[in-house]
Amino acid sequence: SVQIEILDDDDAVACRAAAVIAADARAAVAARGRFCFAVSGGRTPWAMLRALAGEDLPWAAVQLFQVDERVAPAGHPDRNLTHIGESLLAHAPLPAAQVHALPVKGEDLAAAARAYGALLRTHCGTPPVLDLVHLGLGADGHTASLVPGDPVLDVTDAEVAVTAPYQGRQRLTLTYPVLNQARRVLWLATGA
């Protein structure tokens with residue numbers, strides 16, 4: 001079922017989203033002993049992640065994945081991981097070994113996508129079921145790095161795929177099957 005909440009401002013959206021994630025984390029750990037969630041990029045989640053760092057989570061049982069990532073050098077402002085680090089990891093006691101960055105450094109992106117798919121299956125089952133996936137909405141209507149017209153939209157036999165170049169960069173992204181299998185999809189959109 002879909003539940004839509006409209007809140008007063010960006011701060012209220014960030015705090016509400018953080019509270020939803022924290023509640024799901026506590027429930028998942030109580031039920032299954034772990035909380036596997038994935039975070040998208042874009043500017044909107046930065047405040048949410050900062051608010052999440054202040055929530056009461058069972059951090060030792062949290063596994064953090066990325067929904068998508070641009071092929072860019074480590075620490076680059078185009079990298080979603082850079083902002084996850086600044087917004088969440090610098091403020092929360094999440095062990096580094098439980099932060100699973102999409103491997104966009106190597107030359108063989110297809111192999112990197114397959115490796116991340118295997119990592120998802122290791123932590124989240126076969127097929128992988130994430131407890132929560134955070135998604136945003138791009139100006140052109142894309143979510144994750146599933147951009148209109150990209151052949152990656154048709155990938156159904158892999159958990160992770162390589163996109164065509166978009167806004168100057170290739171990306172790795174979770175595919176629709178993984179997004180659709182999540183126990184909860186939390187869309188976060190702000191502005192008009």
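Rounding to the nearest 0.5 Å gives a distance of 6.0 Å between CG of L120 and CG of L130. One finds the CG atom of D10 at 7.5 Å from the OG1 atom of T44 (value rounded to the nearest 0.5 Å). Taking CG of D8 as the reference point, atom CZ of R16 lies at 13.5 Å (rounded to 0.5 Å). Distance check: L7 CG to C15 SG gives 10.0 Å after rounding to the nearest 0.5 Å.
Under the 3.5 Å distance criterion, the side-chain polar atoms of Q181 are matched with a main-chain donor or acceptor of P128. Checking side-chain atoms of H83 against main-chain N and O of P77 turns up a donor-acceptor pair under 3.5 Å. The backbone N or O of G41 lies less than 3.5 Å from no partner atom in the side chain of H134, so there is not a single donor-acceptor pair. Using modelled atom types, no side-chain atom of D68 and backbone atom of S40 make a donor-acceptor pair closer than 3.5 Å. Between the Y116 side chain and the F65 main chain, no donor and acceptor come within less than 3.5 Å of each other. Between the side chain of T175 and the backbone N or O of A158, at least one donor-acceptor pair lies under 3.5 Å.
Criterion: ILVMFWY side-chain heavy atoms under 4.5 Å apart, direct or through other members. Under it, L94 and V39 are part of a common hydrophobic cluster. Side-chain heavy atoms closer than 4.5 Å link hydrophobic residues (I, L, V, M, F, W, Y) into clusters, and following such links, even through other members, never connects V133 to L49. Neither I21 nor L135 shares a network with the other; the hydrophobic side chains, linked directly or stepwise wherever heavy atoms of I, L, V, M, F, W or Y lie under 4.5 Å apart, form separate groups for each. A continuous path of ILVMFWY side-chain contacts below 4.5 Å connects L119 to L109, so both sit in one hydrophobic cluster.
Closest non-hydrogen pair, A38 versus L174, comes out as CB-CD1, 4.2 Å. Of all the heavy atoms in A22 and L57, the pair that sits closest is CB-CD1, 3.4 Å. Across all their heavy atoms, A72 and D78 have their closest contact at CB-CB, 4.3 Å. Closest heavy-atom contact between L179 and A144: CD1-CB, 4.4 Å. The heavy-atom pair separating H142 from P148 by the smallest distance is CB-CD, 3.9 Å. In terms of heavy-atom proximity, V162 sits nearest to A113 at CG2-CB, 4.4 Å.
Counting heavy atoms from C-beta outward, R50 and L88 have side chains that stay 4.5 Å or more apart. The shortest side-chain heavy-atom distance between E86 and T82 falls under the 4.5 Å cut-off. Looking at heavy atoms from C-beta onward, L153 lies in side-chain contact with Y176 at the 4.5 angstrom threshold. Proximity of Q66 to L172: side-chain heavy atoms (C-beta onward) are nowhere separated by under 4.5 Å. Here the side chains of V13 and M48 are not in contact, with every heavy-atom distance at 4.5 Å or above. The side-chain heavy atoms of R26 and P58, taken from C-beta on, include a pair separated by under 4.5 Å. Contact of the L64 side chain with the F37 side chain is registered, since non-hydrogen atoms from C-beta on lie closer than 4.5 Å. Counting only heavy atoms from C-beta outward, the side chains of V178 and V160 never approach each other to under 4.5 Å.
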What donor-acceptor contacts under 3.5 angstrom involve side-chain atoms of residues 183-192, with partners at least two apart or in another chain?
{"residue": "R183", "atom": "NH1", "partner": "D131", "partner atom": "OD1", "Å": "2.9"}
{"residue": "R184", "atom": "NE", "partner": "D24", "partner atom": "OD2", "Å": "2.6"}
{"residue": "R184", "atom": "NH2", "partner": "D24", "partner atom": "OD1", "Å": "3.0"}

Expected list for residues 96-106: side-chain donor-acceptor pairs under 3.5 angstrom, two or more places apart:
{"residue": "Q98", "atom": "NE2", "partner": "W59", "partner atom": "O", "Å": "3.1"}
{"residue": "Q98", "atom": "NE2", "partner": "A60", "partner atom": "O", "Å": "3.4"}
{"residue": "Q98", "atom": "NE2", "partner": "V62", "partner atom": "O", "Å": "2.7"}
{"residue": "H100", "atom": "NE2", "partner": "Q63", "partner atom": "OE1", "Å": "2.5"}

Yes or no on salt bridge (charged side-chain N to carboxylate O under 4.0 Å, His left out) for R171 and E69, after CA distance, side-chain angles and deciding distance?
CA-CA 5 Å; R171 303 159 186 235; E69 183 61 279; over 6 Å; no
Test log, rule side chain to side chain contact (heavy atoms under 4.5 Å, CB included), inputs R169 and R79
CA-CA 10 Å; R169 295 199 184 272; R79 289 278 300 270; over 6 Å; no
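With sequence neighbours excluded, the residues satisfying side chain to side chain contact (heavy atoms under 4.5 Å, CB included) with A18 are A51, L52, E55. Residues passing the side chain to side chain contact (heavy atoms under 4.5 Å, CB included) test with A111 are D108, R114, sequence neighbours excluded.
Hydrophobic cluster of I4: the remaining members, joined at side-chain heavy-atom separations below 4.5 Å, are V2, I6, listed by chain and number. Listed by chain and number, the hydrophobic cluster partners of V147 are Y166, where partners are ILVMFWY side chains within reach of under 4.5 Å, directly or through others.
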